[in-house]
Amino acid sequence: MDVSHLIDPLNPAQREAVCAPTGHYLVLAGAGSGKTRVLTHRIGWLTEVERVSPWSILAVTFTNKAAGEMRHRAEQLMPSGTRGLWIGTFHGIAHRLLRQHWREAGLPETFQILDADDQTRLLKRIINGLGLEEARWPARQAAALINGWKDEGKRPGAIPVDFNPALKTQIDIYRNYEEHCQRSGLVDFAELLLRAHELWLNHDELLKHYRERFRHLLIDEFQDTNTLQYAWIRLLAGATGQVFVVGDDDQAIYGWRGAKVENVQQFLRDFPGAKTLRLERNYRSTGNILIAANAVIANNPGRLGKQLWTESELGEALDLYAAYNEQDEARFVIDRIKQAVREGGRNDGCAILYRSNAQSRLFEEALMVEAIPYRVYGGLRFFDRMEIKDALSYLRLCGNRHDDAAFERAVNTPPRGIGERTLDALRSRGRDQKLSMWDAVQAELAGGLLAARAKAALRAFAELIEQLAREHDALTLAEQMANVIERSALKAHYQANAKGQAESRLENLDELINVAARFERSPEDREAGLSELAAFLAHAALEAGDAEGEAWEDCVQLMTLHSAKGLEFPLVFLVGLEDGLFPSQKSLDEEGRLQEERRLAYVGITRARQKLVLCYAESRRWHGMDTFNRPSRFLSEMPNTVLQDVRPRVQVARPSAFGRNASSFLAERGLLRGGVVETPPIKLGANVRHASFGDGVVTDFEGAGAHARVQINFANSGRKWLVLGFAQLTVL
DNA sequence: CGCCGCAGGCTTTTT
DNA sequence: GCCTGCGGCG
């Protein structure tokens, strides 16, 4: 049999991993070393060469994007088809299991997924209902605690109270929340995983079935697994499953949300005979970029050890720009992007990576001024937009009347005269009699004490939902969607009420109808017995819907370092490299967190293919205050041979009173090279000429050395402050 | 019911 | 500095 398509595109290390005899493997795959390729080719190898049925293979990723990519590439490599192959996210797979075995999992058939936002709202109501003070017991904090417990596999009863009254209250909230979710048929994200785990723990026959079926498990981004995900993998593997995990301990950047890098080492202990393979050859970046990356990450202790190498050339040095302030930083970056585009590059080949979202604004403004198209990653997901969630809440109620999260949202959006008092009456009845809001409405209508007007409004609402549900039997999904948007009066509501945003909200609602029209239930969904509607609602909860409706053509890419993981760009700007920003202030006190920041730096550096530009600002307005941070310690961890100081061409003659500037920083570390600046220094009182402002006299300067700003009194244009290095001044 | 003004807070994010 | 969320008022 010809398997050349499977092994020819591989280097020796990749080939060793792909063609390894069945068994347990830990593949340590450095950045840009072709890990997706190894995973997909491994699947191809198992099916085409080892004659393993696709039916016994389960491949797990973290994001839908990664799952989609893997599926796509696997299909190309498996001419005999991928029937029965499961590729999905942890959550997607857990969801599928719960749909198929809802009875055993103790769920109603119509259970729905509660997203993070709905979860917080629900918790808020529960905290209120328990008579607790919201300020003392913030819903967001409760959500974080509960999710953390679930990620550790803990139910309320399994948490030791330790006579800690605050903890006891938190557990009470947890227990109440669980009861509420159970009654409403709601499952949050962490619950999907926890239930799927318990499903197997409590049902030997199911576990046996899946163990017999999935003999081959492949896990992507293994360093990001949390306790529960790892437990789930171990449980499924049992004594017979062959586990092939791919990951990079140096790219573990999600410890703060429960990921356990330790799982990587734990894997070697838990799976006897597991072999470690390393992919260290990098196909992405130039030599200099890799030298910098290797040097920075080498400062982390306790690594499993990997050294990226490449056969491509050293390439350009990394540019280091010490900006005067954050404005100067933005301006510099945009200038460089313009230059790159002038030289034949594309906007979408440029990425600006920052530590914190708040940093994006300045770059956005600068890009807007220059009319350069850009895209900011990580905004609100399509399905998380208010108008979308409003519309979907009606469909959710049609699918499951007891979905209280949907009820609370739909009942008064748009406003229909059902006030807070009425709702409170319903909530307390629900609490007392353990009823869903829907049933509480029925009970009130049948003999409650509410005012006639409130009852009439509730009756109208209930009737609307019933009617929509009745009509839906005869309609396609898209028609149902359109019908709901029309009949709920959401459309009219947004037309009248969304000041300034009406247009985009209405557009999004239209797009939602389009999305519904394009939506196709997967064969797996069908198999699991999901209706078109249920499948669509699950899709809305589990998938970002990023691609929906928006065209991103040739845009400069702006994103956090976290969102950049897995991506690559020819030209990368790593900005805000200042101690306190990156590494962030909050990670400075704790060694472990600092190491995670360093891994984040490693991720950032290794996103660049051709050219990496590093920036920091000597002063920065941050949270409304002027701050003066020293350059990031990660900069000083890079060897001077790969760094090149970007310096303005002109220097102020008088030495600065401040010690901290680019030159002195670099000099301290022996990084200053290149000697003196070519242009004669500018002195106070010098006559200078500027291309557009004309002639003038230097009257003042501030800032340090090469990055000083000078004040010039122009004969015709008045007094101006200019950044020396970029003003292109000629001394007369 | 909806608008406005003020106070507090503030790393990172997927599902 | 900007966004969120809350409370008060019309």
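Below, chains carry the letters A, B, ... as their sequence lines are ordered, and counting in each starts from 1.
A cation-pi arrangement is absent between A:Arg381 and A:Phe383 under the rule of less than 6.0 angstrom and at most 45 degrees off the ring axis. No cation-pi contact links A:Arg598 to A:Tyr602, judged by a cut-off of 6.0 Å to the six-membered ring centre and 45° from its axis.
Closest to the side chain of A:Glu134, from the set C:dC6, B:dC10, B:dT13, is C:dC6. Taking every side-chain heavy atom of A:Pro415 into account, B:dG2 is the closest of B:dT15, B:dG2, B:dT13.
If you take atom P in C:dT4 and the same atom in B:dT13, they sit 15 Å apart, rounded to whole Å. With P as the reference atom, B:dT12 and C:dG5 are 16 Å apart, rounded to whole Å.
Contact annotation for A:Asn412: backbone-only contact, meaning every heavy-atom pair under 4.0 Å involves sugar-phosphate atoms and none involves a base. Counting non-hydrogen atoms under 4.0 angstrom, A:Lys565 reaches nothing in the nucleic acid. The residue A:Arg593 sits close to a base: some heavy atom pair falls under 4.0 Å.
At the phosphate of C:dC2, OP1 or OP2 sits under 4.0 Å from a side-chain N or O atom of A:Arg361. For C:dG1, one of the phosphate oxygens OP1 or OP2 lies less than 4.0 angstrom from a side-chain nitrogen or oxygen of A:Arg621. Under 4.0 angstrom from either OP1 or OP2 of B:dT12 there lies at least one side-chain N or O belonging to A:Ser356. When the side-chain nitrogen and oxygen atoms of A:Lys124 are compared with OP1 and OP2 of C:dC6, one or more of them lie within a distance under 4.0 Å. Taking 4.0 angstrom as the limit, A:Asn357 places none of its side-chain polar atoms (N or O) nearer than this to OP1 or OP2 of C:dC2. Contact annotation: A:Asn64 reaches the phosphate of B:dT15 (side-chain N/O to OP1 or OP2, under 4.0 Å). Proximity of A:Thr560 to the phosphate of B:dT13: a side-chain N or O atom is located under 4.0 Å from OP1 or OP2.
Using modelled atom types, one finds a donor on one side chain and an acceptor on the other under 3.5 Å when comparing A:Gln119 with A:Asp188.
The distance between atom CG of A:Asp220 and atom P of B:dT14, rounded to the nearest whole Å, is 16 Å. Rounded to whole Å, atom C1' of C:dC2 lies 11 Å from atom CD of A:Glu365. One interatomic measurement links the two molecules: OH of A:Tyr254 to P of B:dT13, which rounds to 7 Å at whole-angstrom precision. Distance A:Asp118 CG to B:dT15 P: 17 Å, rounded to the nearest Å. Between the P atom of C:dC3 and the NE2 atom of A:His623 lies a distance of 14 Å, rounded to the nearest Å. Between A:Glu221 atom CD and B:dT15 atom P the separation is 12 Å, expressed in whole Å. Note: CG (A:Leu362) to P (C:dC2) measures 10 Å, nearest angstrom. Going from atom CE of A:Met559 over to atom C1' of B:dT12 covers 14 Å, rounded to whole Å.
The residue among A:Leu192 and A:Glu420 whose nearest nucleotide of DNA chain B lies closer to the 5′ end is A:Glu420. Each of A:Ile253 and A:Phe90 lies near DNA chain B, and the nucleotide nearest A:Ile253 is the one positioned closer to the 5' end.
Of the candidates A:Lys260, A:Arg599, A:Lys565, A:Asp224 forms a salt bridge (Lys or Arg N to Asp or Glu O under 4.0 Å) with just one, namely A:Lys565.
You'll find the ring centres of A:Phe111 and A:Trp102 outside the 6.0 Å limit.
By the 5.5 Å and 30° criteria, A:Phe62 is not stacked with the base of B:dT15.
Using a 4.5 Å heavy-atom cutoff, the side chains of A:Leu537 and A:Leu533 are in contact.
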